[in-house]
*Asks:* 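First the structure, then my questions, so here it is.
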Amino acid sequence: MTDDKPTRRELLRPLHLLGIALAAGVFAAAVTLVTTGAFTARVNLAIANGTYEGLSPVALGLVVGGGAFIVTLLGIAMLMLAVDPAQYGDDEVDRPVLYDDEPDADEKP
């Protein structure tokens with residue numbers, strides 16, 4: 001085992017990724033609630049009277065928000081698997097890392 005202790009930044013990285021996914025889920029749920037009219041008197045009155053058919057706007061918002069959270073989390077995880085961080089240790093990266101190496105200036109394609 002190595003004696004290198006992970007830095008605080010390295011320890012909190014998964015928390016940052018969960019935060020990004022949570023923000024995407026909350027945003028999707030909020031947009032769903034607004035577009036389904038969850039805050040209108042007509043929809044709330046229909047739900048209270050029992051005449052509202054189908055999934056309530058709040059339940060639909062939770063489903064859409066949860067789906068967005070999971071899809072975002074999986075997408076970020078897959079993107080993290082595409083790049084080996086050890087390959088780019090302390091080097092400053094000033095271009096996309098998945099591009100092919102740049103050809104030399106004297107070589108012609």
Side-chain angles (χ1 to χ4, degrees):
M1 252 217 253
T2 62
D3 292 334
D4 295 335
K5 292 183 179 179
T7 63
R8 182 180 180 141
R9 182 177 181 188
E10 291 171 348
L11 288 174
L12 292 178
R13 184 168 293 148
L15 208 55
H16 293 152
L17 299 177
L18 282 174
I20 292 170
L22 181 66
V26 168
F27 177 75
V31 168
T32 303
L33 288 173
V34 169
T35 56
T36 56
F39 306 115
T40 61
R42 183 178 60 88
V43 171
N44 288 329
L45 187 62
I47 291 172
N49 291 337
T51 59
Y52 191 85
E53 295 181 14
L55 198 60
S56 71
V58 174
L60 182 63
L62 288 174
V63 169
V64 170
F69 172 78
I70 292 170
V71 167
T72 304
L73 196 60
L74 285 174
I76 291 172
M78 292 306 224
L79 287 173
M80 285 185 65
L81 288 174
V83 177
D84 181 20
Q87 184 180 1
Y88 300 100
D90 293 331
D91 299 338
E92 185 175 321
V93 180
D94 57 351
R95 63 182 188 86
V97 293
L98 294 179
Y99 279 3
D100 292 332
D101 293 331
E102 295 177 355
D104 293 334
D106 20 315
E107 289 182 18
K108 292 187 179 181

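The structure presented is a predicted model; accordingly, all values stated were derived computationally and were not measured.
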*Asks:* How long is the span from the OG1 atom in Thr36 to the CG atom in Leu60, to the nearest 0.5 Å?
*Replies:* 6.0 Å

*Asks:* Should Ile70 and Leu22 be regarded as members of a common hydrophobic cluster, given that ILVMFWY residues are connected when their side-chain heavy atoms come within less than 4.5 Å of each other, either directly or indirectly?
*Replies:* yes

*Asks:* What about Leu74 and Val26, same hydrophobic cluster or not, with Ile/Leu/Val/Met/Phe/Trp/Tyr joined at side-chain heavy-atom distances under 4.5 Å?
*Replies:* yes

*Asks:* So, for Pro57 and Ala38, which heavy atoms are closest and what is the spacing to 0.1 Å?
*Replies:* CB-CB, 3.6 Å

*Asks:* So, for Ala21 and Thr72, which heavy atoms are closest and what is the spacing to 0.1 Å?
*Replies:* CA-CG2, 3.8 Å

*Asks:* When rounded to the nearest 0.5 angstrom, what distance separates CG in Leu62 from CG in Leu55?
*Replies:* 9.0 Å

*Asks:* Looking only at non-hydrogen atoms, find the nearest pair between Ala24 and Ala68 and report the distance.
*Replies:* O-CB, 4.1 Å

*Asks:* Which value, rounded to the nearest 0.5 Å, describes the distance between Ile76 atom CD1 and Leu81 atom CG?
*Replies:* 12.0 Å

*Asks:* Kindly indicate whether the side chain of Phe69, heavy atoms from C-beta on, has any atom under 4.5 Å from the side chain of Leu18.
*Replies:* yes

*Asks:* Find the distance between CG (Leu15) and CD1 (Ile20) and round it off to the nearest 0.5 Å.
*Replies:* 10.5 Å

*Asks:* Is there a path of hydrophobic side-chain contacts, each under 4.5 Å between heavy atoms of I/L/V/M/F/W/Y residues, joining Met78 to Val71?
*Replies:* no

*Asks:* If you take all heavy atoms of Gly61 and Ala29, which pair is closest and at what distance?
*Replies:* O-CB, 3.4 Å

*Asks:* To the nearest 0.5 Å, what is the distance between CD1 on Ile47 and CG on Asn44?
*Replies:* 5.5 Å

